[in-house]
Amino acid sequence: MIKKVLTLGLGKVGTLVGVLLSRQFEVTGMDRHQPHYTYTFPFDIVTGDVTNAEFMQELIAAHDAVVSALPYFLNKTIAKIAHQEGKGYFDLTEDVETTKYIRRLSKSSSSVMAPQCGLAPGIIGIIGADLAKDFEALRSVEMRVGALPRYPNSRLGYAFNWSPAGVINEYINDAEAIVDGEQKQVQSLQGKEVIYIEGTAYEAFYTSGGLGTMCETYNGRVKQLNYKTIRYPGHCDLMNFLIHELHLKNSKSQLEDLLKNAKPEVAEDTVIIYAAAEGWQEGKLKRNEFCRSYGPIEIEKQTWRAISWTTAASLVAVVEMVANGTLPSKGFIKQEEISLEKLLATETGNLFHTGILK
């Protein structure tokens, strides 16, 4: 049973995760430094070093579950401690290798292990699977997500409202896809296409990690399955130039500093979620689609960016579902096995319907 939850990493997303969880659970937030926000936190905060294994073991042992909103490269250690202590584990990682490691741990876990609970991977896979379930035979499943500044400037057309390290990781690592019925690795920043949403032109291209475990789940069941990131036109070519032509692929810290300095956070952002599935129903070829754009909303008298609340709400809704018995309390959870209808019926998942907490 989940009553006490530890939230690690109190950046924008991690803080909102704690805020949302605190409506139903006893929450402790933990970060290296005391956060410098202007409002009062509705949960307790402790400071410490997440790389101190002894400290983290004691802290995790005092809770029923741990949620990591830390950078992806810190998650393996946290997941290992949660596994050893028999505590539930949830994270937002897009990193494929981290997820594979957590899945191996889950085979001997006495509690739930649910990585990839954010936006992409996360709710995009839940939506894609929901669209695909209506067909007797599948032809394709396409998933697209964009986290964008509402008012883009310059040729890059971007702002780093989310972890620069995470974005760079998605751009550099290869992506998974099913192409002509065969599971493959495809190069990120390739496969560029034009996509029109409500009359506005965007581009979409392969990035790593957005599919989570879907290639494995749908292998042999679909001809085409892929995930692409949505950006304003021109972004993909410029990132290819930086990463490949300027040879910054092997200088991640330099690339991160460069991009953070050039494109800082903005208050007004937009998250676009688009998914489509094609297949046959009663012998007829049909197409199911989902498309929504989300902006900043107010939660607990504080305005939160679209990227923050869509990511946090997806994770917290999954925690709710485990706590209320809708999802298993033990073993590995694939995002595509989560019911979209039941997720949207949770207190936090309702945000994707209305933008208002129940």
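A single hydrophobic cluster is not seen to contain both Val318 and Ile78; linkage of ILVMFWY side chains at heavy-atom distances under 4.5 Å, directly or through other members, places them apart. The hydrophobic clustering, which links ILVMFWY residues whose side-chain heavy atoms are closer than 4.5 Å, places Phe41 and Met30 apart. In the hydrophobic cluster analysis, where Ile, Leu, Val, Met, Phe, Trp and Tyr join through side-chain heavy atoms closer than 4.5 angstrom, Leu6 is grouped apart from Val13.
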Practice task
Apply side-chain contact (heavy atoms from CB on, under 4.5 Å) to the pair Arg231 and Leu148, showing each step before the final yes or no.
Solution key: CA-CA 7 Å; Arg231 295 287 186 258; Leu148 303 166; 3.9 Å; yes
Practice task
Please assess Arg23 against Glu300 for the test side-chain contact (heavy atoms from CB on, under 4.5 Å), listing each intermediate value before the final yes or no.
Solution key: CA-CA 10 Å; Arg23 295 171 60 90; Glu300 302 292 351; 2.7 Å; yes
Practice task
Under the side-chain contact (heavy atoms from CB on, under 4.5 Å) rule, what do Lys263 and Ser154 come out as? Steps first, then yes or no, please.
Solution key: CA-CA 10 Å; Lys263 292 296 165 189; Ser154 81; 2.6 Å; yes
Problem - Residues Leu225, Cys215; criterion side-chain contact (heavy atoms from CB on, under 4.5 Å); working and verdict - result: CA-CA 7 Å; Leu225 183 143; Cys215 279; 4.1 Å; yes
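Using cut-offs of 30° and 60° on the angle between ring planes, the pair Phe352 and Trp309 is tilted.
Between the Ser188 side chain and the Glu170 main chain, a donor and an acceptor come within less than 3.5 Å of each other. Within the 3.5 Å criterion, the main-chain N or O of Leu343 finds a donor-acceptor partner in the side chain of Thr346. The main-chain N or O of Leu10 is found under 3.5 Å from a side-chain atom of Asp31 such that the two form a donor-acceptor pair. With hydrogens and angles disregarded, no donor-acceptor distance shorter than 3.5 Å links the side chain of Thr348 to the backbone of Ala317. Remark: the backbone N or O of Lys12 is not paired with any side-chain donor or acceptor of Ser308 at under 3.5 angstrom. Ser109 contributes no side-chain N or O that, together with a main-chain N or O of Leu105, makes up a donor-acceptor pair within less than 3.5 Å. The main-chain N or O of Ile272 is never found under 3.5 Å from a side-chain atom of Ser293 such that the two would form a donor-acceptor pair. Of the possible donor and acceptor atoms, one in the side chain of Glu203 sits under 3.5 Å from a partner among the backbone N and O of His235. Within the 3.5 Å criterion, the main-chain N or O of Lys4 finds a donor-acceptor partner in the side chain of Asp64. Distance alone, capped at 3.5 Å, is enough to place a donor-acceptor pair between the Glu320 side chain and the Glu347 backbone.
Between Glu278 and Arg287, at least one side-chain nitrogen of the basic residue sits less than 4.0 Å from a carboxylate oxygen of the acidic one, meeting the salt-bridge criterion. Using a 4.0 Å cut-off between a side-chain N of Lys or Arg and a carboxylate O of Asp or Glu, Glu337 and Lys342 do not qualify as a salt bridge.
Between the side chains of Asp134 and Gln281, not a single donor N or O lies within less than 3.5 Å of an accepting N or O. In this model, a donor atom of one side chain and an acceptor atom of the other lie less than 3.5 Å apart for Ser68 and Asn75. No donor-acceptor contact under 3.5 angstrom links the side chains of Gln84 and Gln57, judged on distance only. In this model, a donor atom of one side chain and an acceptor atom of the other lie less than 3.5 Å apart for Asn324 and Thr326. Side-chain atoms of Asp180 and Gln224 form a donor-acceptor pair, as typed in the model, at a separation below 3.5 Å. A donor atom on one side chain and an acceptor atom on the other are found under 3.5 Å apart for Glu336 and Thr213.
Heavy atoms from other residues, nucleotides or ligands lying under 6.0 Å from CD of Gln183 number more than 12. Heavy-atom neighbours of Arg104 CZ from other residues, nucleotides or ligands within 6.0 Å: above the threshold of 12. The 12-atom threshold is not exceeded at NZ of Lys223, counting heavy atoms of other residues, nucleotides or ligands nearer than 6.0 Å. Atom CD of Glu136 has more than 12 heavy atoms from other residues, nucleotides or ligands within 6.0 Å.
For an aromatic pair to be called close, the ring centres must be under 6.0 Å apart, and His63 with Phe25 fails this.
For the pairing with Asp49, the side-chain hydrogen bond (donor to acceptor under 3.5 Å, both in side chains) check across Asn52, Thr47, Thr51 returns one residue only, Thr51. In summary, of the residues considered (Val167, Asn173, Thr229), a side-chain contact (heavy atoms from CB on, under 4.5 Å) with Thr207 occurs for Thr229 alone. The only option from Met143, Arg144, Arg292 that meets the side-chain contact (heavy atoms from CB on, under 4.5 Å) definition with Tyr274 turns out to be Arg144.
Across every non-hydrogen atom of Cys117 and Phe90, the tightest pair is SG-CD2, 4.4 Å.
Between Ile168 atom CD1 and Lys252 atom NZ the span is 8.5 Å, to the nearest 0.5 Å. Rounded to the nearest 0.5 Å, atoms CZ (Phe73) and OG1 (Thr93) are 10.5 Å apart. Considering OH of Tyr101 and OG1 of Thr77, their distance stands at 7.0 Å, rounded to 0.5 Å.
For the pair Arg103 and Phe332, the cation sits on the ring face: its NZ or CZ lies under 6.0 Å from the ring centre, inside 45° of the axis. For the pair Lys228 and Tyr206, the cation-pi test (distance below 6.0 Å, angle within 45°) is passed.
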